[in-house]
Amino acid sequence: MPELPEVETIKRDLNALVNKKIVAFKLLSPKTASHSAAFFKKSLVGQKLIDIQRRGKLLILVMQNGLYLLIHLKMTGQLIYQSRETKIIGGHSLSSGSYEKSVGGKLPNKHTRAIFNFSGGGQLFFNDLRKFGYLKLVKKEELDKILQNNYGPEPLTPEFTATKLKNILKSRKTNIKAVLLNQKLIAGLGNIYVDEALFATKIKPTRPANKVKAEEIEVLVRESNKLIKKAINHRGTTFNNYVDSKGKKGNFSQFLQVYGRKGEKCLVCGGPISRIKLAGRGTHYCPNCQK
DNA sequence: GTGTTTGTTATCAA
DNA sequence: CTTGATAACAAACA
């Protein structure tokens, strides 16, 4: 599940594509794109990629002609880049290129939804098993509106302050987990990092948001920043599907304290980790440590 | 065949 | 209008 650290990892990798030109585009799954393949081709082919940005879990590719290509990976999206060199190595040796080494199989595969060819001979593959992810072309005004309406403050930015968080939480009667998952209120956290952040803060995910104390909110801000920073440093968490732009898995799974550890021992108190369903999501916590 | 997985939106209710 | 709760989406796997 690509959340903020995973999308940030991909963004940093794909920075290698900035200043390259898209020389060809192929759309294999029409539903994946906001417009027709013809429109995408017309809008993108011949254009230089001038910057890559990220807001929450959304990737923003800034094109020279003033259009923005939004890429959302949702649950199972992947962006895999193979440079010309990678492909040549892959084509000539038995052990093949890095994506094949780490994940297996050649690209494109049956989950490839779009292919971008870049100047210099590299190819970017957008794979998405479940087809929840999308490619969306927008102009500046639409982009601004989308960012304005759908993304709250996110960890590791100056806007992510205890003061702001207190204001967000104090009026919400629903459980804290649902609030932290809501991208309009707080952007970037998903199911894994919400569970981890709440464990680090010793707050039970079922607690009503307005019952979280001011001191706890300050800890929540600090711990979330720490957690997200560390996860980025380890190139994200791979639980099942996520891989980086080279097709490699993230290394943060080894640091997870509660997510995916149902029935296992809490690393703080030794008691068993619980798993419940909350906000429609699998939710992991220590019933002893988290109040 | 059934249930489960999750990011986001749609839908309906209060 | 705001908030909240839940279904729906898609595909694969146990």
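Each chain gets a letter, A, B and so on, in the order its sequence line appears, and its residues count up from 1. Bear in mind that the values here come from a model prediction, so they are computed numbers and not experimental data.
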Original post:
Of all the choices, C:dA11, B:dT8, B:dT9, which nucleotide is nearest to the side chain of A:H72 once you look at every atom?
Top reply: B:dT8
Original post:
What about A:R281, does its side chain sit under 3.5 Å from the base of B:dG7 through a donor-acceptor pair?
Top reply: yes
Subject >> All pairs passing side chain to side chain donor-acceptor pair (under 3.5 Å) where residues 41-51 of chain A contributes a residue, at least two apart >> reply: A:D51-A:Q53
Original post:
Among B:dT9, C:dA10, B:dT8, which nucleotide sits nearest the side chain of A:Q183?
Top reply: B:dT8
Subject >> Among B:dT8, C:dA12, B:dT9, the nucleotide that comes nearest once only the side chain of A:N150 is considered >> reply: B:dT9
Original post:
Is any N or O donor-acceptor pair between the side chain of A:R130 and the base of B:dT4 shorter than 3.5 Å?
Top reply: no
**OP:** Pick base, sugar-phosphate or nothing for A:K277, based on heavy-atom distances below 4.0 Å to the nucleic acid.
**Re:** sugar-phosphate
**OP:** For A:R113 and C:dA10, give me the distance from atom CZ to atom C1', rounded to whole Å.
**Re:** 9 Å
Original post:
A:R172 side chain: which of C:dT3, B:dT8, C:dA12 is closest?
Top reply: C:dT3
**OP:** Measure the distance from CD1 on A:I146 to P on B:dT8 and round it to the nearest whole Å.
**Re:** 13 Å
**OP:** Before giving the answer on side-chain hydrogen bond (donor to acceptor under 3.5 Å, both in side chains), spell out for A:K177 and A:N191 the whole-Å C-alpha distance, their side-chain angles and the decisive distance to 0.1 Å.
**Re:** CA-CA 9 Å; A:K177 168 141 183 175; A:N191 204 34; 2.5 Å; yes
Subject >> N-O pairing of A:E218 and A:K166 below 4.0 Å >> reply: yes
**OP:** Nearest whole angstrom, please: distance from the C1' of C:dT3 to the CG of A:L181.
**Re:** 16 Å
**OP:** Quickly work out the A:L185 CG to B:dT8 C1' distance and round it to whole Å.
**Re:** 14 Å
Original post:
Out of C:dA12, B:dT9, C:dG4, which nucleotide sits closest to the side chain of A:H111?
Top reply: C:dA12
Subject >> Atom P, compared across B:dT11 and C:dA10: separation rounded to whole Å >> reply: 14 Å
Original post:
With under 30° as parallel and over 60° as perpendicular, where do the rings of A:F118 and A:Y81 fit, or are they tilted in between?
Top reply: perpendicular
**OP:** Have a look at A:G133 and say if it touches a base, only the backbone sugar-phosphate, or nothing, with a 4.0 Å heavy-atom cut-off.
**Re:** nothing
**OP:** Using whole Å, report how far CG of A:D128 lies from P of C:dA11.
**Re:** 9 Å
Subject >> Candidate nucleotides B:dT9, C:dA10, B:dT8, ranked by approach to the side chain of A:K31 - the nearest >> reply: C:dA10
Original post:
Given atom CG of A:L129 and atom C1' of B:dG7, what is their separation to the nearest angstrom?
Top reply: 15 Å
Subject >> Out of C:dA10, B:dT8, C:dG4, whichever nucleotide has its closest atom nearest the side chain of A:K57 >> reply: B:dT8
Subject >> Whole-Å gap separating P (B:dT9) and CZ (A:F132) >> reply: 12 Å
**OP:** Nearest whole angstrom, please: distance from the P of B:dG7 to the OH of A:Y259.
**Re:** 8 Å
Original post:
When you check the gap from the basic side-chain N to the acidic O, do A:E223 and A:K226 get nearer than 4.0 Å?
Top reply: yes
Original post:
Can A:D244 and A:R235 be counted as an ion pair, charged N to O under 4.0 angstrom?
Top reply: yes
Original post:
Can you find a side chain N or O atom of A:T76 that sits less than 4.0 Å from OP1 or OP2 on C:dA12?
Top reply: no
Original post:
C:dA11 phosphate, OP1 or OP2: any side-chain N/O from A:K131 under 4.0 angstrom?
Top reply: yes
